[in-house]
Amino acid sequence: MASDSAVTTKGSAVAGYLKGKSIAVTGAGRGIGRAVALACAAEGANVVVADYGVGIDGGDPTSEVADAVVGEIAAAGGTAVAVADTVTTMEGGSRIVQTAVDQWGRIDGVVCVAGILRERMLFNMAEDEWDPVIETHLKGHFTVFRHAAAVMRKQQSGALVGFTSGAFAGSVAQANYSAAKGGIVSLVRSAAAGLYKYGVTANCIAPIARTRMSANVPMELAEMGDAEDVAPMVAFLLGDDARHITGQVYTAVGGKIAVWNQPVEVRAMYKDGRWTPEEIAARLDSSVGQERMGVIDRLAAMAAAAAAGDKPNA
Ligand SMILES: NC(=O)c1ccc[n+]([C@@H]2O[C@H](COP(=O)([O-])OP(=O)(O)OC[C@H]3O[C@@H](n4cnc5c(N)ncnc54)[C@H](O)[C@@H]3O)[C@@H](O)[C@H]2O)c1
């Protein structure tokens with residue numbers, strides 16, 4: 001992977017980077033969402049702190065979680081309002097956006113960070129492990145983006161920021177989460193395409209950070225950082241310097257920011273007329289072949305290490 005030179009300064013952004021902007025952050029009560037909400041407020045934005053205050057699996061909602069972050073922002077001299085509603089309903093998404101519009105007359109950015117986990121191997125996964133994960137992540141982006149986009153289209157400006165995960169490229173025990181995160185990438189690209197002519201951008205962050213969610217992942221992650229490390233990239237995407245950036249997925253972890261590629265066809269094979277399965281079997285491996293899949297490569301390496309008697313690393 002190509003990389004630019006490391007920036008070693010501590011890089012605290014100039015206060016006021018988002019001065020006067022009206023921004024809603026979902027999942028803002030804990031982890032990365034909280035860090036994003038605090039950073040936006042510290043940079044001068046008025047912030048809707050939207051969080052349902054649920055457990056890691058989506059249960060036991062409480063409004064205390066959103067209220068606590070609003071209290072932190074107020075104590076630091078910032079402006080925020082809490083919405084302890086769920087992103088899984090159209091009413092919840094509407095209320096989050098409308099709260100910003102009612103309070104401050106407009107909505108300049110929405111950041112969808114809310115998320116839950118229900119891990120299970122695909123062959124054991126129950127419907128009530130699939131549906132809530134898709135509803136919280138994928139539908140939870142739709143409900144907020146949908147209402148924000150309608151206002152931003154009229155304003156002729158705005159920024160949508162989604163949260164995906166490296167797991168969108170495939171996951172062993174999180175088919176529900178991976179599918180939702182892949183859907184979010186496609187939703188963000190579609191929002192970027194559909195809103196381009198209205199001056200509204202849509203981008204995605206694939207974060208890695210120490211939170212209760214990452215603590216729940218059963219393997220050691222090679223890269224790690226703090227939730228506060230993710231926030232500056234989000235602030236940048238919400239700010240005036242990023243109006244030309246849309247349809248992108250950026251990893252943010254510690255001091256690393258990386259851009260993901262866009263899906264395109266890479267190789268093709270042709271014949272005059274229709275292929276037979278036998279003809280495809282004879283040609284495919286040596287012509288179009290396959291593209292490398294990181295998760296499968298790692299599983300194959302672990303199996304090879306185990307077969308050689310070495311202790312496999314995740
Ligand atoms: N932490 C990581 O390393 C990591 C890696 C990849 C992706 N992500 C993604 O980043 C986002 C934030 O993750 P985190 O680690 O900060 O998680 P977290 O569990 O610390 O925080 C998630 C927050 O979302 C809220 N939430 C859950 N369901 C909600 C709903 N229906 N409506 C409103 N709020 C709801 C929770 O109450 C919680 O405060 C998630 O989308 C996650 O999938 C995190």
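We count ligands from 1, going down the list as the structure has it; atoms in each ligand are counted the same way.
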Could you tell me the residue and atom name of the protein heavy atom closest to [atom], and the distance to it rounded to 0.1 Å?
atom: atom 34 (N) of ligand 1; result: Y52 N, 3.2 Å
atom: atom 15 (O) of ligand 1; result: T211 OG1, 2.4 Å
atom: atom 35 (C) of ligand 1; result: A114 CB, 3.5 Å
atom: atom 19 (O) of ligand 1; result: R212 NE, 2.8 Å
atom: atom 43 (O) of ligand 1; result: Y177 OH, 2.5 Å

Minimum non-hydrogen distance to [atom], winning option of [options]:
atom: atom 25 (C) of ligand 1; options: V111, T26, D51; value: D51
atom: atom 3 (O) of ligand 1; options: G162, C112, G115, A209; value: A209
atom: atom 44 (C) of ligand 1; options: A35, G29, P207, A227; value: P207

message: Below 30° counts as parallel, above 60° as perpendicular, anything between as tilted: where do the rings of W260 and F168 land?
response: tilted
Residue part near ligand 1, for [X], under 4.0 Å between non-hydrogen atoms:
X: K181; value: side chain
X: I32; value: both
X: V113; value: both

R189 and Q262: CA distance, side-chain angles, deciding distance, side chain to side chain contact (heavy atoms under 4.5 Å, CB included) verdict: CA-CA 10 Å; R189 289 196 178 118; Q262 297 281 346; 2.7 Å; yes
V288 vs R267 side-chain heavy atoms within contact, under 4.5 Å: yes
message: Using every non-hydrogen atom in the two residues, find where V54 and R30 come nearest and quote the distance to one decimal.
response: O-NH1, 2.9 Å
message: If you apply the rule side chain to side chain contact (heavy atoms under 4.5 Å, CB included), what do you find for T26 with H141, and how did you get there?
response: CA-CA 9 Å; T26 77; H141 275 65; over 6 Å; no
message: If you measure every N or O of V54 against every N or O of ligand 1, does any of those distances drop under 3.5 Å?
response: yes
message: When you compare ligand 1 with V87, is there at least one nitrogen or oxygen pair between them that comes in under 3.5 angstrom?
response: yes
- prompt: Out of T62, V83, V25, V65, which residue meets the side-chain contact (heavy atoms from CB on, under 4.5 Å) rule with D51?
  reply: V65
message: Please determine whether residues I116 and M125 belong to a single hydrophobic cluster, defined as Ile, Leu, Val, Met, Phe, Trp and Tyr linked transitively by side-chain heavy-atom distances below 4.5 Å.
response: no
Can you tell me if [atom1] on [X] sees more than 12 non-hydrogen neighbours from other groups inside 6.0 Å?
X: R153; atom1: CZ; value: no
X: N124; atom1: CG; value: yes
X: L122; atom1: CG; value: no

[X] heavy atoms, cut-off 4.0 Å: which ligand 1 atoms fall inside?
X: G31; value: 16 (O), 20 (O)
X: H137; value: 41 (O), 43 (O)
X: T164; value: 7 (C)
X: I116; value: 27 (C), 28 (N)
X: S165; value: 6 (C), 7 (C)

task: Given side chain to side chain donor-acceptor pair (under 3.5 Å), test R243 with T201 step by step and report yes or no.
output: CA-CA 7 Å; R243 294 306 82 226; T201 61; 3.1 Å; yes
